[in-house]
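Excluded from the calculations below are hydrogen atoms, water molecules and symmetry mates; all remaining heavy atoms, backbone and side chain alike, are included.
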Amino acid sequence: MEMPIPNQDILARKAQIVERLQSILPDAAVIHTESQVRAYECDALTAYKCPPLCAVLPTSTQEVAAVLKICHDMGVPVVPRGSGTSLAGGALPTADCVILGTARLNGVLETNYDDRYIRVQSGRTNLSVTGAVEEMDFFYAPDPSSQLACAIAGNIAMNSGGAHCLKYGVTTNNLMGVTMVLMDGTVTEIGGAHLDAGGLDLLGLICGSEGQLGVVTEATLRILRKPEGARPVLMAFNDNEVAGACVADIIKAGVLPVAIEFMDRLCIETTEKYAKAGYPDCEALLIVEVEGAPEEIDEQLAVILDIARRHDPVELREAKTADEAARIWLGRKSAFGAIGQISDYMCLDGTIPVSSLPMVLRRIGELSEEYGLKVGNVFHAGDGNMHPLICYDANKPGDLELCEAMGAEILKLCVDAGGCLTGEHGVGIEKRDLMSHQFAPQDLEIQMAVKDVFDPQWLLNPAKVFPLVSSQSRRIAAE
Amino acid sequence: MTPQTEQELADVIASAKGPLRISGGGTRPIGNPVVGEALSTSGLSGISLYEPGALTIVAQAGTPVAEIEAALDSENQRLAFEPMDHRAMLGTDGVPTIGGVVSGNISGSRRISVGACRDHMLGVRFVDGAGVITKNGGRVMKNVTGYDLVKLLSGAYGTLGVLTEVSLKVLPKPETSATLYLNGLDLSRAVEAMSKALGSPYEVTGAAYNQAVSLRIEGFEASVAYRMGQLKTLLAEFGDLTEQPDKKTSEEIWDSATNVHGFSDAPAVWRISVKPSETPAFIDVLQQMHGFDYALDWGGGLIWLAAYDDHLSEAAHYHQDSARHNDTVAGAEVLHTNLQHNAGRAGGHTTLIKAPDAVRAAVPVFQPENPTVTALSKGLRAQFDPRGILNAGLMG
Ligand SMILES: Cc1cc2nc3c(=O)[nH]c(=O)nc-3n(C[C@H](O)[C@H](O)[C@H](O)COP(=O)(O)OP(=O)(O)OC[C@H]3O[C@@H](n4cnc5c(N)ncnc54)[C@H](O)[C@@H]3O)c2cc1C
């Protein structure tokens, strides 16, 4: 993966830059020794590493503003970082950048149950937002599988989703307001505890902008009362396409499950080895979860099981107890980890129209044969967000490149089927150069023109999202 | 001008010599008055793709909302955000288009539980102020590829680009709907009751107040009956509860709440968004100075405020120009200024929805924002519409 050549002038001024940052932050909050900055050399796209110039860990919006002002004045690029779980290289540093970490911005500022929102500092982890309101039986809905580690800041930047977004939506649908610092140090509030924008919907634009428009320091998030109950069923099929058809029929039937998850044979077998969830021996399985009062759950499950029976299932397994429910989810939740046990893998994230599921799965199988790389499929079937896991061997020369080439073909396939490159992980560096497959030059131009407004010097996370050739003139002009 | 294709529309904009006044069906004359040559999207009409199994519909911007609703209805689906029809309230006629709904981010009572129009938007095609055809988003439910201009264009009232095609997420229609009334509550108790209902696990999909509190429950028959029962127990402390279990009547109640039928004859109407717990004080402070009517939706977070001629004449006495102390236009200006001032202090915003042109020309229809947001918005407009010809000045 190509990254821009680091600016030698900035590298030469490291001591000065560190000194300026130390003048406004406690010493421990400025990380600059060679051994210490290694902690920030990559995110969860571990195939790519580059230690930053230095890293800072501010504790308040004012400190963030002061840091950005200094970097702005000195012309130093800044890469914001939440917990570093991005799978797209969104938080990957360049050698000439300052990493602005939110790890110490983790407080709860306000909880309001009457108006149903919580205000937190952006470095707070996703799960601990729910943790802060759980005692009142409330929760924060978007639930990425990385929720134990990932920060709200990263969730906002990537517009992250989760298993339950079929019903509750993704981050952007649950975000009410932010405090954000622009690259020049200006602090602004966007949105708040009320609903909808009074003017242009800048909040909708900020969410999903991959840390390129501003640094989010605080967020107002919608919280919801927990449902009375939830119950999953597991359905096993001997054919991917039949499982896909079953998904479409469930959705058409007028029930809206909170989650419909899909796993194929490779994932099922691998997770069985490691998690021992007791999954049936089959080609494809679906986990469908519904929520509500007991009566409601019974009624919805009856409809769903009825549909499933018409698709010749190998097995239908209803969870009678909380323990059985947990076992149904266990395999799905361990899927990524289990694949990781047997192989290095790259996780793709393309979305397709649900109707193209059978075609796309078939074609992925063919590509797997052609490239000689195994692919496991585990994904959010209700919304067409696929996660093909391509297995490769990082120690075998050329294998990563092969895997990337195959990944690119799959993502192009998703776009050609009427879908997109990324459903929830973001573009980062990983899918940057594929953007021109999905977008015409003018579609990218207007997006870059948006960045020009927020960050005219292109100092914030500049080498991401857009193909390097497309953003080159802007990045160079900024130097 | 009524172009018949996207390319024709792009040509019209590229070759425009002066400002353009864009309309869909012309049923929502909202915003500061705009001058310019009329440009209608009504020629761009038709559903391009509807996949019930994928919960998505794609339509050209000038497609009548009714046509979309009929198509969805045949598959027992709907636009869950319940777009408001402004015709009764604004006294307009014409055919509301889907592009108009999206441009105004128009949502109804169900917004409180399922999100706004923008939350159901999956993709757009539009022509910017330079005549360039651009797309963003797509037709799948999860998509984070590039910046989300879909949200930015939704609610931009055509000032950033003219929409040519929109794709939307749709949802299944529930089997039935029922409404619970809480009678005889004053404003602050009403907001309390609505907060309690919305903070319950019983999935209330509407919470409005207009003399009585109305709470809506939707879903399968048995489930609605169960949740209605639970809700009654939960809200027993609020006293006089009555139920409207009939689906059709319940639907009419919410149609009227969403479309604000109650204020059809008012000359001036405002729409105010604040957090619900601010609403009682907001109304209280204002009542010490002015007369007006109001109704609440969104659990109290949305205030519809209406002033009649006698209210406006009264308010005119506060106008700084004593020559205008009997002028209803002056009265509307005074009220407007106070409403935006107080909404701003409460952290929300006020939009003037209905008033004579003279009022709309004299005040900022949309709430002025903080200097940074104002500057960013101005910068964005300059990028999307460098010549400033698309509904120029509509949003201030
Ligand atoms: C095992 C695993 C499972 C995952 N499952 C899911 C899933 O189910 N759904 C899903 O959507 N994602 C998933 N992810 C991806 C990842 O967790 C999300 O993208 C997450 O939101 C990243 O959060 P973070 O705090 O780790 O951000 P980081 O990785 O630190 O950064 C992500 C992006 O956010 C930007 N950023 C960080 N902080 C700020 C800030 N303060 N202001 C502005 N921009 C900022 C960064 O510059 C970067 O571009 C998974 C990842 C892993 C490793």
Side-chain angles (χ1 to χ4, degrees), chain A residues 113-116 158-159 161 169 173 186 188 190 192-202 204-205 207-209 225-228 248 251-252 254 256 292-293 295-296 299 351-355 383-385 418-424 426-427 435 438-439 442-443 446-447 449-450 453 465, chain B residues 51-55 76 105 111 115-116 118-119 128 132 134-136 138-149 151-152 154-156 171-173 195 198-201 220 222-223 226-227 273-277 298 301 347-349 351 366-367 369-370 372-373 376-377 379-380 383 395:
Chain A
Y113 297 103
D114 288 334
D115 296 322
R116 299 171 301 285
M158 292 314 199
N159 188 16
N173 311 113
T186 310
T188 185
I190 297 174
H194 61 282
L195 294 176
D196 297 344
L200 292 182
D201 189 353
L202 298 190
L205 179 63
C207 194
S209 63
R225 179 66 184 268
K226 281 192 177 156
E228 284 183 274
I251 289 175
K252 265 194 286 193
L256 192 65
E295 288 84 345
E296 208 174 352
E299 186 156 359
T351 307
I352 54 166
V354 184
S355 52
D383 47 36
N385 188 188
C420 65
L421 296 172
T422 170
E424 57 180 18
V427 178
M435 287 289 273
Q438 182 171 334
F439 293 109
Q442 69 271 21
D443 305 333
I446 192 79
Q447 295 180 40
V450 166
V453 173
V465 183
Chain B
E51 276 191 27
L55 302 176
N76 221 7
N105 186 26
R111 193 262 173 265
R118 56 88 99 171
D119 294 296
D128 72 12
V132 178
T134 307
K135 67 171 182 303
N136 193 264
R139 66 174 170 102
V140 286
M141 248 188 263
K142 276 173 79 184
N143 186 347
V144 297
T145 322
Y147 296 166
D148 192 345
L149 305 184
K151 304 273 183 314
L152 187 64
S154 307
L171 285 173
K173 271 193 174 174
S195 286
L198 289 165
S200 79
F220 290 108
S223 159
Y226 166 81
R227 284 182 285 145
S273 174
V274 287
K275 66 179 177 183
S277 60
W298 300 358
H349 52 83
T351 312
F366 290 84
Q367 178 98 21
E369 298 179 283
N370 75 48
T372 308
V373 169
L376 290 171
S377 302
L380 289 169
Q383 297 284 24
M395 294 182 82

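Residue contact with chain B, scored on non-hydrogen atoms closer than 4.5 Å, involves the backbone and the side chain of A/Ser209 alike. Only the backbone of A/Pro227 comes within contact range of chain B, with at least one heavy atom under 4.5 Å from a heavy atom of that chain. Residue contact with chain A, scored on non-hydrogen atoms closer than 4.5 Å, involves the backbone of B/Val274 exclusively.
Of the inter-residue distances, the one linking A/Ile352 atom CD1 with B/Arg139 atom CZ reads 10.0 Å to the nearest 0.5 angstrom. Separation of atoms CD (B/Glu51) and NZ (A/Lys252) is listed at 9.5 Å; rounding is to 0.5 Å. Separation of atoms CD1 (A/Ile251) and CG (B/Leu55) is listed at 5.0 Å; rounding is to 0.5 Å. We find the NZ-CG distance between B/Lys142 and A/Asn385 to be 4.0 Å, quoted to the nearest 0.5 Å. Between the NZ atom of B/Lys135 and the CD atom of A/Gln438 there is a distance of 7.5 Å, given to the nearest 0.5 Å. In this structure, B/Glu369 CD and A/Ile190 CD1 are separated by 9.0 Å, a value rounded to the nearest 0.5 Å.
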B/Asn136/A/Ile446 under side chain to side chain contact (heavy atoms under 4.5 Å, CB included): CA gap, chis, key distance, verdict: CA-CA 10 Å; B/Asn136 193 264; A/Ile446 192 79; over 6 Å; no
Evaluation steps, side-chain hydrogen bond (donor to acceptor under 3.5 Å, both in side chains), between A/Glu228 and B/Tyr226: CA-CA 12 Å; A/Glu228 284 183 274; B/Tyr226 166 81; 2.8 Å; yes
A/Leu256 and B/Leu171: CA distance, side-chain angles, deciding distance, side chain to side chain contact (heavy atoms under 4.5 Å, CB included) verdict: CA-CA 8 Å; A/Leu256 192 65; B/Leu171 285 173; 3.8 Å; yes
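No other option in B/Asn370, B/Thr372, B/Leu152, B/Val140 has as many heavy-atom pairs under 4.5 Å with chain A as B/Val140. The residue among A/Asn159, A/Thr188, A/Leu195 with the most heavy atom pairs within less than 4.5 Å of chain B is A/Leu195. In terms of non-hydrogen atom pairs under 4.5 Å with chain B, the most contact-rich of A/Ala293, A/Gly169, A/Gly161, A/Gly292 is A/Ala293. Most heavy-atom pairs under 4.5 Å with chain B: of the set A/Val354, A/Asp383, A/Leu200, this distinction falls to A/Leu200. Highest contact tally toward chain A, considering only B/Ser273, B/Pro172, B/Ala54, is held by B/Ser273 [criterion: heavy-atom pairs under 4.5 Å].
Between the side chain of A/Arg225 and the backbone N or O of B/Pro201, no donor-acceptor pair lies under 3.5 Å. Although no hydrogens or angles enter the test, the distance criterion places a donor-acceptor pair under 3.5 Å between the side chain of A/Gln447 and the main chain of B/Tyr147. Side chain of A/Asp114 to main chain of B/Ser195: no donor-acceptor pair is present (N/O by atom type, distance under 3.5 Å, no hydrogens or angles). For the pair A/His194 (side chain) and B/Gly301 (backbone), a donor-acceptor distance under 3.5 Å is absent. Between the side chain of B/Gln383 and the backbone N or O of A/Ala449 there is at least one donor-acceptor pair closer than 3.5 Å.
Of the residues B/Arg111, B/Arg118, B/His349, the one that meets the side-chain hydrogen bond (donor to acceptor under 3.5 Å, both in side chains) test with A/Asp196 is B/Arg111.
No donor-acceptor contact under 3.5 angstrom links the side chains of A/Thr351 and B/Asn143, judged on distance only.
The shortest non-hydrogen separation linking B/Val144 to A/Val427 is O-CG2, 4.3 Å. The two atoms that bring A/Val453 and B/Leu376 nearest to each other are CG1-O, 3.7 Å, heavy atoms only.
Between A/Leu205 and B/Asp148 the shortest side-chain heavy-atom distance does not fall below 4.5 Å. The shortest side-chain heavy-atom distance between B/Asn105 and A/Asp201 does not fall under the 4.5 Å cut-off. Here the side chains of B/Thr145 and A/Met435 are in contact, with some heavy-atom distance below 4.5 Å.
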